[in-house]
Amino acid sequence: MSKIRARYAPSPTGFFHIGGARTALFNYLFAKHFNGTFIVRIEDTDTARNVEGGIESQLANLKWMGIFPDESILNPGNFGPYKQTDKLKRYQELANELVKRGLAYYCFCNEEELEKNRQIALANHLPPKYNRKCLHLTHEEIETNLKKNIPYVIRLKMKDNVNIEWDDLIRGHMSVPTSALTDCVILKSNGIPMYNFAVVVDDYDMQITHVLRGEEHISNTPYQIAIKEALGFDKQPISYGHLSIITDETGKKLSKRNKELKQFIEDYRNLGVLPSALVNFLALLGWSPKSNQEIMSLDELVNQFDLANVSKAPACFDFKKLLWISSQHIKNMNEHDYLNFVRNYLTINLNDFVDRKFHDLILLTFKNQINYASEINQLIKETFSGSFDQLDENTKNYLTSETSLKILTSLENELILVGELNLDNVAVIVNKIKTQTNVKGKDLFMPLRLISSYQQHGPEINKILVLFGKDKILKNIRSIKGEKIWS
Ligand code: GLU
């Protein structure tokens, strides 16, 4: 097999979206699995719809995901230009060549006429195809129109009564009769190519071997194959694979109008989802590894990726699964990397909660608790904002029960004897309390947790005790004992 060249070809008509990111990733994983080349090409011919910052958003977020194109506008290879508006002349020349060879033709119909014909076709329950009026213009009529400067587009002359077929890498054999297709425009009157034409020229010029893209492009593929044949580019074969749609949890296709679900890569980056986690999650949107291992690094994904296990069934964007994958990637980080990562997402002032020397400890304490980095702000605030009064009656009774008070008194005695708490002496103290009171398990740890954070759940108890510190805990014990006496 010749070297694989796969591409991701975004139109900068918006910011880097989950769907685009999944397409980019699958092309990358496929290419890299076979030591091939991954190319990013910018399809910016729909100038009216391009948004400012669209290109940057695609490239910067791909980089953030750890996906570095081998060729792109930032690092061009030998097959450029990598942006379509930089090669308009090439498309124009090829379109005109097709006209010369009788495989395409000038169409002078204006919008109004086209719309009228469209309505007639629809009224007759026919597909709204171009009626080929201009295909039959004489040479003289064409010359006259050109002299009069009547605007024209170039249309491909679609072959009659043949089937256009391809073996889809994901969907198997596909066949579309040309009777279902129209003589599509390949070059607009302003000299800008239509999407299908530019794609074919670029895929050829860039020697693309495989095209993986979203299901919404299935209807474009027969047009592209027809254009490829007309241009004589079919001698350089391309395999197409169409990825399934991505749905939300109700089974509806992800739409940018669904404001409840964060759909842009930037959203997840801002939340503090690790790029490796997002990549891991996206890879599982339609692909399943042969092994049962779900948590994977980019390298592992490259190793294991296999088109045979890409499904054509819709892939559900399960936000809870994303959170779980994200939490696992955070858990797997080493402490140094974790601290550097999570610090970038702090919006609270840690000094409001603990002394400076405990800044690292407080961050590490929540390493196994958070799903994404920015969540730490809320968790710290919640942990440090508890109070006895906020506890429900049962928990209040539990904390002031005889067993709990026995533990708290033992803790009080130990705290009086110790200097500042640290992870070492806390471990010794907790053990002593266990021996002294003969209580273990939940009944030992719950009163300790409640008396520090007034929360029933939370991170490792020893860390919580150190973070709250001797003075605060002693104060809480004494106030509880007071409550007990007063009640
Ligand atoms: N530019 C197209 C898009 O953004 C992709 C074209 C393709 O992959 O062939 O949807």
Side-chain angles (χ1 to χ4, degrees), residues 4-31 36-51 53-59 61-62 67 69 71-73 79 81-88 91 164 166 168-171 174 184 186 188 192-228 231 233 236-246 253-256 263-265 282 285-286 307 310:
I4 281 177
R5 290 177 58 83
R7 71 351 179 238
Y8 168 55
S11 304
T13 50
F15 295 102
F16 198 32
H17 185 257
I18 291 289
R22 198 258 314 238
T23 302
L25 178 64
F26 278 37
N27 278 289
Y28 176 85
L29 295 178
F30 176 69
T37 305
F38 173 67
I39 298 143
V40 173
R41 155 174 101 221
I42 303 294
E43 303 203 327
D44 59 344
T45 51
D46 194 351
T47 44
R49 286 183 57 226
N50 290 343
V51 298
I55 297 181
E56 292 72 18
S57 169
Q58 300 278 342
L59 295 174
N61 285 304
L62 267 180
I67 297 182
E71 298 169 22
S72 76
I73 51 170
F79 306 86
Y82 290 82
K83 186 163 79 167
Q84 291 184 331
T85 49
D86 288 345
K87 53 186 288 192
L88 295 180
Y91 308 122
I164 295 186
W166 76 95
D168 196 281
L169 294 165
I170 295 162
R171 280 147 213 276
M174 307 284 277
C184 59
I186 55 175
K188 291 193 269 189
I192 306 243
M194 286 300 281
Y195 154 74
N196 277 327
F197 190 65
V199 164
V200 171
V201 175
D202 289 350
D203 284 343
Y204 176 77
D205 287 352
M206 293 177 174
Q207 295 182 18
I208 299 301
T209 57
H210 293 77
V211 169
L212 297 176
R213 60 185 171 200
E215 183 177 307
E216 66 277 14
H217 288 291
I218 291 181
S219 57
N220 290 318
T221 303
Y223 285 105
Q224 293 180 14
I225 293 173
I227 295 170
K228 213 162 59 168
L231 287 168
F233 289 173
Q236 196 175 285
I238 297 180
S239 303
Y240 296 94
H242 292 92
L243 307 171
S244 66
I245 54 162
I246 304 175
K253 185 177 189 291
L254 264 205
S255 133
K256 290 175 191 166
Q263 293 184 34
F264 294 97
I265 300 306
L282 290 173
L285 280 179
L307 278 183
V310 173

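All values below come from the heavy atoms of this structure, side chains included, with hydrogens, waters and symmetry mates left out. In each ligand, atom 1 is the first atom listed, and ligand 1 is the first ligand listed. One-based numbering along the sequence shown.
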*asked:* Ignoring hydrogens, what is the shortest heavy-atom contact between Pro69 and Val40? Give both atom names and the distance.
replied: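 Answer, listing the atom of Pro69 first, then Val40: CG-CG2, 3.6 Å.
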
_Results of ring-ring contact (aromatic ring centres under 6.0 Å, His included) for Phe26 - residues two or more places apart only_ =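 Testing Phe26 for ring-ring contact (aromatic ring centres under 6.0 Å, His included), a comparison that skips the adjacent residues, returns Phe305.
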
_Residues in side chain to side chain contact (heavy atoms under 4.5 Å, CB included) contact with Thr209, at least two apart in sequence or another chain_ =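 So Thr209 forms a side chain to side chain contact (heavy atoms under 4.5 Å, CB included) with Ser2, Ile4, Arg5.
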
*Residue list, side chain to side chain contact (heavy atoms under 4.5 Å, CB included) with Gln84, at least two apart or on another chain*: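 Scan of Gln84 (side chain to side chain contact (heavy atoms under 4.5 Å, CB included), adjacent residues dropped) gives Arg41, Glu43, Asp44, Thr45, Tyr91, Ala198, Asp202.
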
*Using the ring of each side chain (for Trp, its six-membered ring), is Phe38 parallel, tilted or perpendicular to Tyr28, with breaks at 30° and 60°?*
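If you compare the ring of Phe38 with that of Tyr28, the planes turn out perpendicular.
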
Short N or O contacts of ligand 1 with protein, under 3.5 Å, listed by atom name?
residue: ligand 1; atom: 1 (N); partner: Ala9; partner atom: O; Å: 2.7
residue: ligand 1; atom: 1 (N); partner: Ser11; partner atom: OG; Å: 2.9
residue: ligand 1; atom: 1 (N); partner: Glu43; partner atom: OE1; Å: 2.5
residue: ligand 1; atom: 4 (O); partner: Ser11; partner atom: N; Å: 3.3
residue: ligand 1; atom: 4 (O); partner: Ser11; partner atom: OG; Å: 3.3
residue: ligand 1; atom: 8 (O); partner: Arg7; partner atom: NH1; Å: 2.7
residue: ligand 1; atom: 9 (O); partner: Arg7; partner atom: NH1; Å: 3.4
residue: ligand 1; atom: 9 (O); partner: Arg7; partner atom: NH2; Å: 2.9
residue: ligand 1; atom: 9 (O); partner: Tyr195; partner atom: OH; Å: 3.0
residue: ligand 1; atom: 9 (O); partner: Arg213; partner atom: NH1; Å: 2.7
residue: ligand 1; atom: 10 (O); partner: His217; partner atom: NE2; Å: 2.9

*Between atom OG1 of Thr23 and atom CD of Glu215, what is the distance when rounded to the nearest 0.5 Å?*
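The OG1 atom of Thr23 sits 11.5 Å away from the CD atom of Glu215.
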
